[in-house]
Amino acid sequence: MNNNIIKALACSAVALTACDYNEKNFKDLDEMLEESSKVVETKAYTLAEADYKTAGSNTTYFRTNDEAISGLVKYVSSAFSMLDNGSAVNVACNVATEESEIVSGINNGMSYTLTADDYKTIWGETPAKYISPATEAKIADVLASKIADAGKDTYVGVTYKFDNYEPNAADDEVTAEYTKVTEIAEGNYVIAANNDGKYYAFGYFADASKTYGYCESAALTLNGNKLEDALEYAVTLKKTELGYAVVRSDNKCLYLKGTYNSFNIGDYPVSEGGDFTFTANDGKYAMVNVAMGKTVKYDASYNSYGAYDDKKLAETKTPMLDVEVFKESKVVVSKCESIKGANKYALYKYDGSKWTIATEATMLSAEDYTAMGQKYGNLSSTALPADYLPAYLNNTVAYPTEGMSKTIAYFYYGTDKTTTLRADEYIFENGKWTKPAATEEKSFQIVKANGAWMYDPSVVINLPAGKGIEVSATFYQAATDWVWENVDTKNGIATKGDGYVTSYGNNEYYTGSSAYQNNVDWRVSAITGQYADGFAGMSEEEILETVKNNLIEVYSHVLAKLYPTANAIEGLEVTYTINFVVYDGASHNYQIVYKVTGPATFEYVEDSLTEL
């Protein structure tokens, strides 16, 4: 709607105080005013030298398209924040093009992280899950089996766990493991009750100096059928005439005395009150003191064990839990099994027959990333290599000479949330490390949708109607020129005006394109009035159908001429949408869409030529 009309409507709305009147007569006023205030534009911008820093680069170019896209989204979000949804900014910037053979090879390489199966293959029966100095050479064998189709000069960045400790049976430890059982005999056990998924052991007091009280323990975890971290709560069940004595590791046994519900401890054996029976009950045990006839229960409300008679148990409303029994078995724990190892990174190269450490580049280590302040073992779009690698070289290369070259390999976490192997070459020139780069200017379209800026390589071309509009005139003149050169001249037309192209040379009726009126003229009278022979024997419907098909053909060539750098992008559908005005006695808005299928190659999208 015309802005002047909108303003007039707004003034009327202010003057009229009756809400129902506004509702009746200006129902869409708020929406119209809101729409008129939006700033939707298509802009072209070339990144200035100072802009690269804002875009996250310390140089006046981007190393890759990925870095360029990430940086330009950041830049446009800040510099063009005033634009609304539907806006597009085509940004031209410098992107590096040339790389050395080594850098190119590494950048086209892959990453591999050793798996649990790989460590098992390397160590056999030894339960180590890391690489030691003695086994590092076996990494090449792993790569040979896992990357069987590698071509010559393929690079792989390998991540693995490393520790200097070599497995040694003399360092192995014998420890105890506690597994739940359903039968009891003499032996070492942990007696525990399950309280809401955690187990609490019987037999010890929280205060080790006490000689009586209620038994307590820290929470233990059941892992499968095994009780974890239970060794300090182990007791020995020793057979007696009446049942079993519960003997602790300090050779003290538990017993009951008098009317107390708590336990006493004394040197084993005690004369009375130290016999307990265990009666199986659905995976648990009723543990009863023979002398007192009291049952050992875990009182969940007090988080401790006591021994209670039937009357007390009947009166108690809080959970009173029976025990479960876990028997001790001895296991040998290899020292290497507990070693986690630290991340180590290495660069390997396939020479056509075997994998070897690549010496032509330096791989950043875990310690290097840490020194750079990086939590993870990689650089990224928020920790750009250009910000860190020159300082790394200053710190690690002693006495560099003029012209010295170094290639650094590293892992890079990209905007696609994947980590890849990369490399950069730096040369020492004029007292500092710099990265040589040949660059080319590329354009990237950043569009705003749903309040966010994002990369979109597709292009929307708006061709407003009216005299003197440059963007429209440029497009329509290109169409007119193409018709003259490829249709009229081909048909032997000697002079402009004799064929589809008019004598002024700024419009043609093969498609109806006019670089004077900046529209497409589909009046049949004008079409046949210019060149009747081109449409001889056709009905009006057939003439219009022919002109439309001609337009589909010609506009693909115009796009190829005006957008010679357009190219297909793997994984994305790149389209060029043209919005234009058709005049047939009245003006109509039309649209046509082309898909980019190759370098400057445009394919019409079926049925996309439509009136809007």
Side-chain angles (χ1 to χ4, degrees), residues 178 180-220 222 227 230 233-327:
Y178 295 90
K180 187 176 179 181
V181 294
T182 55
E183 294 183 2
I184 292 177
E186 282 195 320
N188 296 332
Y189 295 85
V190 170
I191 300 169
N194 178 1
N195 183 19
D196 198 23
K198 293 291 184 180
Y199 282 78
Y200 297 87
F202 168 76
Y204 292 84
F205 301 134
D207 184 350
S209 66
K210 293 180 66 175
T211 58
Y212 64 90
Y214 294 90
C215 295
E216 303 174 56
S217 84
L220 306 176
L222 188 66
L227 206 57
Y233 297 107
V235 296
T236 301
L237 296 184
K238 294 190 176 183
K239 195 76 176 75
T240 69
E241 290 184 7
L242 301 177
Y244 291 93
V246 180
V247 184
R248 306 191 319 185
S249 60
D250 56 4
N251 206 40
K252 304 284 186 181
C253 66
L254 286 95
Y255 66 97
L256 294 182
K257 181 175 68 172
T259 60
Y260 298 107
N261 294 330
S262 59
F263 300 94
N264 294 275
I265 58 171
D267 293 332
Y268 173 78
V270 294
S271 58
E272 187 179 7
D275 302 295
F276 295 87
T277 61
F278 293 84
T279 304
N281 180 20
D282 194 24
K284 299 180 181 179
Y285 285 90
M287 181 180 177
V288 179
N289 182 266
V290 177
M292 301 301 173
K294 293 182 176 182
T295 303
V296 176
K297 292 278 190 176
Y298 182 79
D299 188 338
S301 60
Y302 289 97
N303 296 320
S304 64
Y305 285 91
Y308 309 99
D309 58 27
D310 291 343
K311 181 181 179 182
K312 174 69 174 176
L313 292 175
E315 294 173 349
T316 303
K317 295 181 180 179
T318 57
M320 305 292 278
L321 308 174
D322 280 331
V323 299
E324 299 175 32
V325 179
F326 299 82
K327 189 173 184 179

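By convention here, the first residue in the shown sequence is residue 1. In what follows, every heavy atom counts, from backbone to side chain, and hydrogens, waters and symmetry copies are set aside.
- With sequence neighbours excluded, no residue forms a side-chain hydrogen bond (donor to acceptor under 3.5 Å, both in side chains) with Thr277.
- For Lys311, the side chain to side chain contact (heavy atoms under 4.5 Å, CB included) partners two or more places apart in sequence, or in a different chain, are Asp309, Glu315.
- Evaluation of the side-chain hydrogen bond (donor to acceptor under 3.5 Å, both in side chains) rule for Lys180 yields Glu324 as partners, not counting sequence neighbours.
- Note that CD1 of Ile184 is 9.0 Å distant from OG1 of Thr279, once rounded to the nearest 0.5 Å.
- The shortest heavy-atom contact between Ala234 and Tyr178 is CB-OH, 3.2 Å.
- Put simply, CE on Met287 and OH on Tyr244 are 12.0 Å apart, with the number rounded to the nearest 0.5 Å.
- Residue Lys297 forms a side-chain contact (heavy atoms from CB on, under 4.5 Å) with just one option from Asn261, Leu321, Leu313, and that option is Leu313.
- Here the shortest heavy-atom pairing between Tyr233 and Ala218 reads OH-N, 3.1 Å.
- The side-chain heavy atoms of Val288 and Lys294, taken from C-beta on, include no pair separated by under 4.5 Å.
- Results of the side-chain contact (heavy atoms from CB on, under 4.5 Å) test with Phe326 over Ile191, Val181, Leu222 single out Leu222 as the only residue that passes.
- Put simply, the side chain of Ser249 reaches to within 4.5 Å of the side chain of Tyr204, judged on heavy atoms.
- Considering all non-hydrogen atoms of both residues, Val190 and Ala201 come closest at CG1-CB, 4.2 Å.
- Between Asn188 and Lys327, the side chains place no donor N or O within less than 3.5 Å of an acceptor N or O (distance only, hydrogens not considered).
- Residues Cys253 and Val246 are not in side-chain contact: their nearest non-hydrogen atoms beyond the backbone lie 4.5 Å or more apart.
- For residues 266-312, the set of pairs meeting the ring pair (Phe, Tyr, Trp, His ring centres under 6.0 Å) definition, not counting sequence neighbours, comprises Tyr200-Tyr298, Phe202-Tyr305, Tyr298-Tyr305.
- The two atoms that bring Ala291 and Gly273 nearest to each other are CB-CA, 3.8 Å, heavy atoms only.
- Using a 4.0 Å cut-off between a side-chain N of Lys or Arg and a carboxylate O of Asp or Glu, Arg248 and Asp250 qualify as a salt bridge.
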Is there a side chain to side chain contact (heavy atoms under 4.5 Å, CB included) between Glu186 and Leu237 once you walk through the steps?
CA-CA 5 Å; Glu186 282 195 320; Leu237 296 184; 5.9 Å; no
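- Taking SG of Cys215 as the reference point, atom NZ of Lys210 lies at 9.5 Å (rounded to 0.5 Å).
- Looking at residues two or more places apart in sequence or on another chain, you find no side-chain hydrogen bond (donor to acceptor under 3.5 Å, both in side chains) involving Asn289.
- With rounding to the nearest 0.5 Å, the separation of CG in Leu227 from CG in Leu220 is 5.0 Å.
- The two residues Gly213 and Phe205 come nearest to each other via the heavy atoms O-CE2, 3.3 Å.
- How far NZ of Lys252 is from CG of Asn264: 12.0 Å, rounded to the nearest 0.5 Å.
- Judged as a side chain to side chain contact (heavy atoms under 4.5 Å, CB included), and not counting sequence neighbours, the contacts of Thr318 are Asp299, Ser301, Thr316, Met320.
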